> 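Take this structure, written in structure tokens, and hold onto it; I'll ask about it next.
In this text the structure is predicted, and so the values were computed from the model without any measurement. Just follow the structure's listing: the first ligand is 1, and inside any ligand the first atom is 1.
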Amino acid sequence: MNDCHVHSNFSFDSDVPIKSYVESAIQYEYDAIFFTEHCEFIENNKFFENYIKEIEQLKYSHTLFIGAALEVDLPYIERIDKSILKKLDFSLGSFHQLAQSPLEYYINLLDKLSDKDILSSIDALAHIDFPLRNDDIARTFMKLYNSDFEIILYRILKKLVDSNKVLEINISNLEGNETRASMIFYCNIIQKYREIGGKYFCYGSDSHSLADFRLSYINRKKYLDSLKLNESDFVIFKKHKIIKN
Ligand SMILES: [Zn+2]
Ligand SMILES: [Zn+2]
């Protein structure tokens with residue numbers, strides 16, 4: 001088992017030391033854990049160097065593989081010095097700008113993924129269910145599922161498949177109030193992705209606390225069963241290479 005989406009205190013919105021997650025991951029008998037810090041922190045060189053150093057120090061002292069990664073907001077990529085990405089195991093692209101509607105959100109996401117610089121800078125796409133994190137949108141979401149929506153989603157997934165990018169299954173929304181909408185959406189997306197030829201998924205708890213991390217571990221099997229996914233469907237990354245289970 002592994003987790004490709006965890007935030008430590010190198011992210012602005014978590015106060016958990018890397019070491020504490022590592023201890024939990026060992027306890028849960030995980031094989032790999034990846035720290036995907038919010039990208040803004042790389043603006044502080046020293047901070048970023050400390051991050052890499054801390055991971056390097058821990059990396060080989062455990063049976064657990066500990067990976068360095070970044071959660072990069074897609075519009076931010078043009079500002080990133082690409083040599084930084086080379087120091088990481090992978091970069092997880094995410095898009096956090098909510099639009100007027102889910103359709104508009106996905107049109108904007110497709111637009112970002114159509115940018116070669118952006119697409120080539122990421123290894124996986126995070127939380128494709130992001131608009132569902134907003135309660136109001138989630139409630140009306142299923143009604144908005146129409147043909148325009150299908151076409152845009154298809155194009156997004158096709159972009160990922162054609163460029164060998166991995167689709168993250170972000171389970172953080174499956175734990176909230178809108179479980180049903182997110183679950184139905186993911187089931188649909190996974191099926192489409194596979195129909196197009198998509199093979200690679202990565203598992204993301206999107207933990208910002210040890211409680212999140214624990215909850216993800218406890219509920220993991222339940223969610224995977226509902227999504228009809230197996231542990232063997234999930235890949236990890238080492239120096240931007242996809243490693244199968
Ligand atoms: Zn965060
Ligand atoms: Zn995240």
> Just the protein N/O/S atoms under 2.8 Å from the Zn ion (ligand 1), please, no waters.
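Sorted hits: Asp13 OD2, His38 NE2, His208 NE2.
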> With the threshold set at 4.0 Å, does a side-chain nitrogen-carboxylate oxygen contact exist between Arg220 and Glu231?
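The answer is yes: the pair qualifies as a salt bridge.
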> For a side-chain contact (heavy atoms from CB on, under 4.5 Å) with Ser121, tell me which candidate from Leu74, Ile77, Ile80, Leu70 qualifies.
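That would be Ile77; it is the only one of Leu74, Ile77, Ile80, Leu70 passing the side-chain contact (heavy atoms from CB on, under 4.5 Å) with Ser121.
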> What residues, two or more places apart in sequence or in another chain, satisfy side-chain contact (heavy atoms from CB on, under 4.5 Å) together with Lys244?
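side-chain contact (heavy atoms from CB on, under 4.5 Å) check on Lys244 returns Tyr200, Val235.
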> Return yes if some donor-acceptor pair links the side-chain N/O of His7 with the main-chain N/O of His5 below 3.5 Å, else return no.
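No; judged by distance alone, with no hydrogens or angles, the pair does not exist.
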> Does His5 bring an N, O or S atom to within less than 2.8 Å of the Zn ion (ligand 2)?
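Yes, since at least one N, O or S atom of His5 sits under 2.8 Å from the Zn ion (ligand 2).
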> Got a second to check how far Cys4's SG is from Phe201's CZ, nearest 0.5 Å?
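Result: 13.5 Å between the selected atoms.
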> Is there a donor in the side chain of Asn173 and an acceptor in the side chain of Asp129, or the other way round, less than 3.5 Å apart?
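Side-chain D/A pair, Asn173 to Asp129: present.
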